[in-house]
Amino acid sequence: MKEQHETKQAEIQVNGLENITGAEAILRCLVEEGVDTIFGYPGGAIMPVYDKLLDYSDKLRHILTRHEQGAAHAAQAYAMVAGKPGVCFATSGPGATNLITGIANAYLDSVPVVFITAQVVSGLIGTDAFQETDILGVSMPVTKWNCQIKKSQDIPGTIARAFYIAKTGRPGPVLIDITKDAQVDKLLFRYKKCSYLRSYNPHLPLKKKAVESAAIMINHAEKPLILAGHGILISGAEEELRTFAEKTGIPVAVTLLGLSCFPCDHRLYAGFLGMHGNYGPNLLTNEADLIIAIGMRFDDRVTGNLKKYAKNARIIHIEIDEAEINKNVQVDLEIHSDAREALQYLIPLVSEKSYESWIREFRICDKVEFEKVIKAETKPEKGEIRMGEVVRMVSEMTAGNAIIVTDVGQNQMSAARYYKFTSPGSFITSGGMGTMGFGLPASIGAKIGNPDKQVIGFIGDGGFQMTIQELGTIMHYKIPAKIIILNNGFLGMVRQWQHMFFNRRYASTELVNPDFEIIARGYGIPAKTISARQDLKEGLQQMLDAEGPFILNIAVEKEGNVLPMVEPGASVSDVTLNYKG
């Protein structure tokens, strides 16, 4: 008996290292990386991992979504509010390919998510085995890095590299594909976090001379404008941005993903940039003599027609990803650096100034926009409920302190325009990919990532039905997210374009919707439908007061358009404020 016991102990430990399966090693690695939540969906090839997951329920919480795409979006939103990489599991074949939209979404929005997929046993790779897919080939264009593991002993080192790559430099999603035999086979477990990879340099030394040159340009500018993007939030540079703006007196405009990086109620807040952004920052971009772009990539929704963009301005671009510098807009001074580090060095070098007449131009634009757009959208006296008035009312009732999640379309643009963000990192949306169906699972991930904050999702009736099955996840885990369906019976943004550019030929955009309130109640989620303005505030208050989840289905104006709008191919200064076509 003694010999048998010693033999068993030898199998468990060798040279002080535990002899464990690859499946357990995966979970051990996640624990070592500080992971506490996993979003996923099981299947045949990943079953060894899920079997071991039962033994780690005290350390790792698994959220079973109702579709792998939902798991991917939830993991991204979790990462955005929790400030650390999200983790997502899926099985081989369709399980892995169902992640692709979510992976691409995280990739374009620079969000760190570690995706772990299972693969058929290594001996069957390349034979078209059941549920075999080349997920490395499929995911390569939309991952920062991907890798396949065929041997259990490679698991710790590969996972360590994956986390390091995902969260350093410009963050992004990574994917590890692990064969089933690598999950079953044993290894002597040792884990060491990764802090260096040859040929990968995510943090380059700050070029101080470039920053000093930037300071000279800033100190001599007459109409400077800061364009702040998602990079401010990624680098944690919100305070530095505020200090820099207040010292220099320069107005701050933000991109869609930059929303909440600068308080909307600040005197230097110039507004939201882009196709449906505010009148002032779009119009006056072409009046600025200096643009300081920080952590943004000059995408087409911000620049409009590149041939007519910022022709009066010299441009300083602070950006961590060198590939984004001079990609769309040729700049006069590049600072290839982390936004926070660059601002910290820049702040002491700039002069204290005030640009009252320049700021006044933005305030004049604000008044014009209020009279021509905002007043009718947020304080209508009659007619159908408007999206803008719903968002503005929620903003006032929450004092701008909630985490706002959106889907994509008119609901997204209305939330971006009319919610007055006061807390950093409080706007979760699909920016670069523009993924309908993002809102519902992202609301789940955001609430799990920050359970102490009120999480409110604004979702259109079209996008809601793309991932409606995730109501099952809310029901299963009693996730107290609040969902507002802005229901206009249309694919609203597509209809708007059909209205404006296709002579109101509404091809396949009008929806025949189910009773969302009945569906919600079928999932055990309290719900209410609002169709009259006099019931709106009471309904919103009921939703906000609910201890658990709540769905508020609001019938809004069927053919309302989101304005202002920089039409495709137009200059940012050619902003459409009224459209009566």
Side-chain angles (χ1 to χ4, degrees), residues 109 227-230 253-260 264 269-286 296-305 309 362 365-366 368-378 386-392 395 404-421 427-436 438-439 458-460 462-463 486 488 490-501 509 556-557 559-581:
D109 289 350
L227 308 185
H230 194 199
V254 301
T255 67
L256 179 67
L257 285 170
L259 279 165
S260 82
C264 291
Y269 181 66
F272 160 47
L273 288 162
M275 180 174 278
H276 292 286
N278 293 116
Y279 184 49
N282 280 325
L283 181 72
L284 297 176
T285 290
N286 283 355
M296 53 88 72
R297 57 192 178 89
F298 290 109
D299 72 281
D300 60 295
R301 290 296 170 102
V302 164
T303 65
N305 189 329
Y309 182 73
F362 286 90
C365 289
D366 291 345
V368 171
E369 184 178 355
F370 179 80
E371 290 299 325
K372 292 190 175 183
V373 179
I374 297 174
K375 186 177 180 180
E377 183 66 20
T378 61
R386 307 283 183 90
M387 289 189 185
E389 70 176 301
V390 176
V391 176
R392 181 57 59 84
S395 180
I404 298 302
V405 181
T406 79
D407 208 78
V408 169
Q410 290 183 320
N411 63 89
Q412 178 188 37
M413 293 297 105
S414 295
R417 285 181 50 76
Y418 297 115
Y419 195 87
K420 298 301 180 184
F421 299 94
F427 185 59
I428 309 300
T429 196
S430 170
M433 190 74 168
T435 304
M436 286 182 67
F438 176 81
F458 288 101
I459 305 175
L486 296 173
N488 58 11
F490 271 107
L491 300 177
M493 189 59 81
V494 184
R495 184 215 54 77
Q496 177 169 335
W497 281 51
Q498 289 172 335
H499 180 173
M500 297 177 73
F501 312 123
T509 47
V556 297
E557 184 181 21
E559 295 186 53
N561 292 329
V562 180
L563 294 170
M565 182 175 183
V566 178
E567 296 182 16
S571 165
V572 289
S573 56
D574 296 327
V575 187
T576 300
L577 284 169
N578 295 310
Y579 186 81
K580 298 179 179 178

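Keep in mind that this is a model prediction, so the values were computed, not measured. Numbers here are sequence positions counted from 1.
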So, taking the atom named [atom1] in [X] and the one named [atom2] in [Y], what distance separates them when rounded to the nearest 0.5 Å?
X      : Y      : atom1 : atom2 : value
Gln496 : Met413 : CD    : CE    : 10.5 Å
Phe421 : Tyr269 : CZ    : OH    : 8.0 Å
Phe490 : His499 : CZ    : NE2   : 11.0 Å
Glu377 : Met387 : CD    : CE    : 8.5 Å

For [X] against [Y], the heavy-atom pair lying closest together:
X      : Y      : answer
Trp497 : Pro568 : CH2-CG, 3.2 Å
Cys365 : Leu283 : SG-CD2, 3.8 Å
Leu256 : Ala416 : CD1-CB, 3.8 Å
Ala270 : Pro281 : O-CD, 3.2 Å
Asp299 : Arg301 : OD2-N, 3.0 Å
Thr255 : Gly229 : OG1-CA, 3.4 Å

Looking just at side-chain N and O atoms, do [X] and [Y] make a donor-acceptor pair shorter than 3.5 Å?
X      : Y      : result
Asn488 : Gln410 : yes
Thr378 : Glu389 : no
Asp109 : His230 : no

Check whether any side-chain heavy atom of [X] lies under 4.5 Å from a side-chain heavy atom of [Y], and answer yes or no.
X      : Y      : value
Arg495 : Asn561 : yes
Met433 : Val408 : no
Glu567 : Met275 : no
Asn286 : Val572 : yes
Ser573 : Asn282 : no
Leu486 : Val390 : yes
Asn411 : Ser414 : no
Phe458 : Val391 : yes

Any chance you could lay out the side-chain contact (heavy atoms from CB on, under 4.5 Å) test for Tyr419 and Phe427, step after step, and finish with the verdict?
CA-CA 10 Å; Tyr419 195 87; Phe427 185 59; over 6 Å; no
Side chain to side chain contact (heavy atoms under 4.5 Å, CB included) with Glu371: which residues, sequence neighbours excluded?
Lys375
Got a donor-acceptor contact below 3.5 angstrom from the [X] side chain to the [Y] backbone?
X      : Y      : value
His276 : Leu563 : no
Arg386 : Val556 : no
Asn305 : Ala570 : no
Ser430 : Thr435 : yes
Gln412 : Thr406 : no
Ser395 : Lys420 : yes
Asp407 : Gly439 : yes
Arg392 : Tyr418 : yes

Thr429 and Leu257: CA distance, side-chain angles, deciding distance, side-chain contact (heavy atoms from CB on, under 4.5 Å) verdict
CA-CA 7 Å; Thr429 196; Leu257 285 170; 3.9 Å; yes
Show the numbers, then the answer: is there a side-chain contact (heavy atoms from CB on, under 4.5 Å) between Leu273 and Leu227?
CA-CA 8 Å; Leu273 288 162; Leu227 308 185; 3.6 Å; yes
Quick note, salt bridge (charged side-chain N to carboxylate O under 4.0 Å, His left out) partners involving residues 409-419, not counting sequence neighbours, are Glu369-Arg417
